[in-house]
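Notes to accompany the following structure.
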Number of protein chains: 2
Amino acid sequence: MTVTIYDVAREAKVSMATVSRVLNGNPNVKPETRKKVKEVIKRLNYRPNAVARGLASKKTTTVGVIIPDISNLYYSSLARGLDDIAEMYNYQTIIANTDNDPVKERNSFLNLISKQVDGIVFLGGTLNDETIEDIKGSNVPVVICGTSEKDANLPSVNIDYFKAIKEISNHLFESGAKNIFFIKALYSQQLERHIEDGLKEAYKENNLPFKEEYIQEVATHYQAGRDVFDRLIDEENIDVLITMSDEAAVGMLHGAMDRGISFPNKLQLVSCSNTHLVHMMRPPVTSIAIPLYDIGAVGMRLLTKYMKDEPVDEPNVILPYIIEYRSSTK
Amino acid sequence: MTVTIYDVAREAKVSMATVSRVLNGNPNVKPETRKKVKEVIKRLNYRPNAVARGLASKKTTTVGVIIPDISNLYYSSLARGLDDIAEMYNYQTIIANTDNDPVKERNSFLNLISKQVDGIVFLGGTLNDETIEDIKGSNVPVVICGTSEKDANLPSVNIDYFKAIKEISNHLFESGAKNIFFIKALYSQQLERHIEDGLKEAYKENNLPFKEEYIQEVATHYQAGRDVFDRLIDEENIDVLITMSDEAAVGMLHGAMDRGISFPNKLQLVSCSNTHLVHMMRPPVTSIAIPLYDIGAVGMRLLTKYMKDEPVDEPNVILPYIIEYRSSTK
DNA sequence: TTATTAAAAACAAACGTTTACATATTTATT
DNA sequence: AATAAATATGTAAACGTTTGTTTTTAATAA
């Protein structure tokens, strides 16, 4: 039925060990023998069984990716970066969606461990203590992208959200803004906390009072962005909305315009994820150009180093960002 | 080091076979014994090695997903549907991006076969003869979503694109349109051919001449949509643009508006994929509401039937669609 | 009781590789 | 030419499960 390494060995009149060596590029094979074995492999259309390989070698060349939602552009952009580098290093990726549910997150992790993945990448997520305990307990390398989990002391790739938001906020304060709101969108808690902290810091540096109302929360989707005005219309003057989700940002744009609020004079808008959407908004929206694809790519590269026991000089990588000022702000 | 089924057997004073039976819910175990084994499993924090399992049972509870680009909303929406149902049936999904490159597509397929996946889903893609040969040669169940590949005689899930486009086109012709263009966007060739055929059929039914120029091609992204006017501006009058890519549709919208072309009086626009983007366009765009998530979900359900050798009454599923007429058309 | 059958558990052989270790062959050294 | 060293190949034991077959134990019938 299925052709195995035995069949190849028999046909090539060598031992299975020699076939295995040819397969794995072991140099201790006479070129002549190598050639003969390769011919038989081709003739029989033999393909090694990766599962058997995995059992014998304890390496599966598979990595797990734990992700809140693959149909969210933010995460799928990260995932694409991951996957491209994984492919480059001959790894395949198993993807598990969690919807930010800690229970699903933990189950996915344990599932991946069962499957003996060589490494795991977390994209965002909640990463509670229990999961972190599991991570430490297993000895599978883990890299976190897009959520800095400094306390957990795990390798990670990020931009400096704190600094980015502080920079943007300072710019906005300087041009006369007084009330800057941050609209959370249920992305990674860690990440959004950094944004909050950056905003608070900016308030402090500008000697302006920070109020709790400045932090609001919406879902990640368009309609949630539109609806934000139903809630905020009662609040004091709003000069700027900063939001995490591009999709919600489009909603805010439309919601405001439908109410006759014009950008950037009556209201300013800043978006913090950097999906394709930012290029499609009218008016163009000021945003932090996070290198999503690169974060994924660098994260996977970092993981390959751990998986291959290569030395790592900096486990917590901070990639540069650019703030792109567009006409949604003054 | 790692705790195995042997350790559990020893601690529980039974044979490994019994532990295995408990693990797999085999009824031939005395309740008392079952309880004892389960306790030891819990106490030792034992987790079965899925790789060893896969080798012994020849089932990996893993399915492969071959996809052009996970960072494209169209495909990631399909993928999410797939993944949710896969999870429901306790399968994990390995995702491989191909960028519609037939070579990558074939390599991914062979890789997945090596990994002994229990089934494979193709989302879009090119699926050339060589790959189809490989599929037939392996005896792994394959389901195709979003590309009807009727000639290949493979199970599939789709909507009736031909009918949908004919319906839309007839509607547009009836309200006075003469020149309807279809802008391909490098999605699945099969799928776009059905759209072309539907359009041609509508031209025929309305006794209007079909010209080759009515079919154009752009990339799938925003800028490509904007740029389409650089090319088409020279052409004869255009009444309607139908495009496959929502992202390109946004580009067309903006490109037209920048040229002072207004919707729907001077130009009408129809988009055929049904990503989140359709809800974010201004003006709202007429489109075919393809149930992307459901196509993925139904596709995975279909695949589970094949993987579990359950009877399948209809291997080629056609799901219903709705045409949502919005203000980008008359 | 004893014989017969059914249920529960154990035994041992797969599954298809990798990889120490042992052995055979070739090449280099004196 | 003999020996040592290096290279090439073979042998067999893992890897951690599942599963068909056999044995033991328990339940039922005569």
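Numbers restart at 1 for each chain; the letters A, B, ... are given by sequence-line order, proteins then strands.
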request  = Apply the test salt bridge (charged side-chain N to carboxylate O under 4.0 Å, His left out) to residues A/Asp101 and A/Arg106: give CA-CA distance (whole Å), side-chain angles for both, the deciding distance (0.1 Å), then the verdict.
outcome  = CA-CA 9 Å; A/Asp101 174 353; A/Arg106 179 151 190 260; over 6 Å; no
For the pair made of [atom1] in [X] and [atom2] in [N], what is the distance, rounded to whole Å?
X       : N      : atom1 : atom2 : answer
A/Lys59 : C/dT18 : NZ    : C1'   : 13 Å
A/Met16 : C/dT18 : CE    : C1'   : 8 Å
A/Ile5  : C/dA14 : CD1   : C1'   : 17 Å
B/Asn28 : C/dA6  : CG    : C1'   : 10 Å
A/Lys58 : C/dT19 : NZ    : P     : 11 Å
A/Asn24 : C/dT17 : CG    : C1'   : 9 Å
A/Tyr6  : C/dA14 : OH    : C1'   : 11 Å
B/Asn49 : C/dT17 : CG    : P     : 17 Å

Hey, does the side chain of [X] reach the backbone of [Y] with a donor-acceptor pair shorter than 3.5 angstrom?
X        : Y       : answer
B/Asn100 : B/Pro68 : no
B/Asp118 : B/Thr61 : yes
B/Asn111 : B/Ala96 : no

Electrostatic pair [X]-[Y], nearest N-O below 4.0 angstrom:
X        : Y        : result
A/Arg10  : A/Asp7   : yes
A/Glu39  : A/Arg43  : no
A/Glu310 : A/Arg301 : yes

query = Under 4.0 Å between a side-chain N/O of B/Thr18 and OP1 or OP2 of C/dA8, yes or no?
reply = no
ask   = Do any pairs count as a ring pair (Phe, Tyr, Trp, His ring centres under 6.0 Å) and have a residue in residues 56-76 of chain B, sequence neighbours left out, and if so which ones?
value =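 Non-adjacent pairs meeting ring pair (Phe, Tyr, Trp, His ring centres under 6.0 Å): B/Tyr74-B/Tyr187, B/Tyr75-B/Tyr187.
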request  = Hey, could you give me each pair passing ring pair (Phe, Tyr, Trp, His ring centres under 6.0 Å) that has a residue in residues 82-116 of chain B? Not counting sequence neighbours.
outcome  =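 Residue pairs with at least one partner in residues 82-116 of chain B: there are none.
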5' precedence on DNA chain D between B/Val51 and A/Arg34 (nearest-nucleotide basis) = A/Arg34
key: Opening and closing nucleotides of DNA chain D in contact with chain A, under 4.0 Å to non-hydrogen atoms   = D/dA8 to D/dG16
ask   = Checking side-chain contact (heavy atoms from CB on, under 4.5 Å) against A/Thr60, which of A/Gln92, A/Gln116, A/Lys115 comes through?
value =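 With A/Thr60 as partner, A/Gln92, A/Gln116, A/Lys115 yield a single side-chain contact (heavy atoms from CB on, under 4.5 Å), made by A/Gln116.
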5' priority, DNA chain C, between A/Pro48 and B/Ser15 [closest heavy atom] = B/Ser15
key: 5' precedence on DNA chain C between B/Lys13 and A/Val3 (nearest-nucleotide basis)   =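 The residue mapped nearer the 5' terminus is B/Lys13.
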request  = Would you classify A/Val14 as touching base, sugar-phosphate or nothing, given that sugar-phosphate means primed atoms plus P, OP1 and OP2, and contacts are heavy atoms under 4.0 Å?
outcome  =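 The residue A/Val14 makes sugar-phosphate contact but no base contact.
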ask   = Which is true for A/Ser20 with a 4.0 Å heavy-atom rule: it touches a base, it touches only sugar-phosphate, or it touches nothing?
value = base
task = Indicate for each nucleotide in nucleotides 20-25 of chain C, in 5' to 3' sequence, whether protein heavy atoms under 4.0 Å reach the base (B), only the sugar-phosphate (S), or nothing (-).
result = ------
task = Report yes if the side chains of A/Thr33 and A/Val14 come closer than 4.5 Å at any heavy-atom pair, otherwise no.
result =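 Yes, at least one pair of side-chain atoms sits under 4.5 Å.
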request  = Find the bend of the helix from C/dT1-D/dA30 to C/dT29-D/dA2 as the angle between its two terminal axes (five pairs each), to the nearest 10°.
outcome  = 40°
remark   = By side-chain contact (heavy atoms from CB on, under 4.5 Å), B/Ala17 pairs with (sequence neighbours left out) B/Ser15, B/Arg21
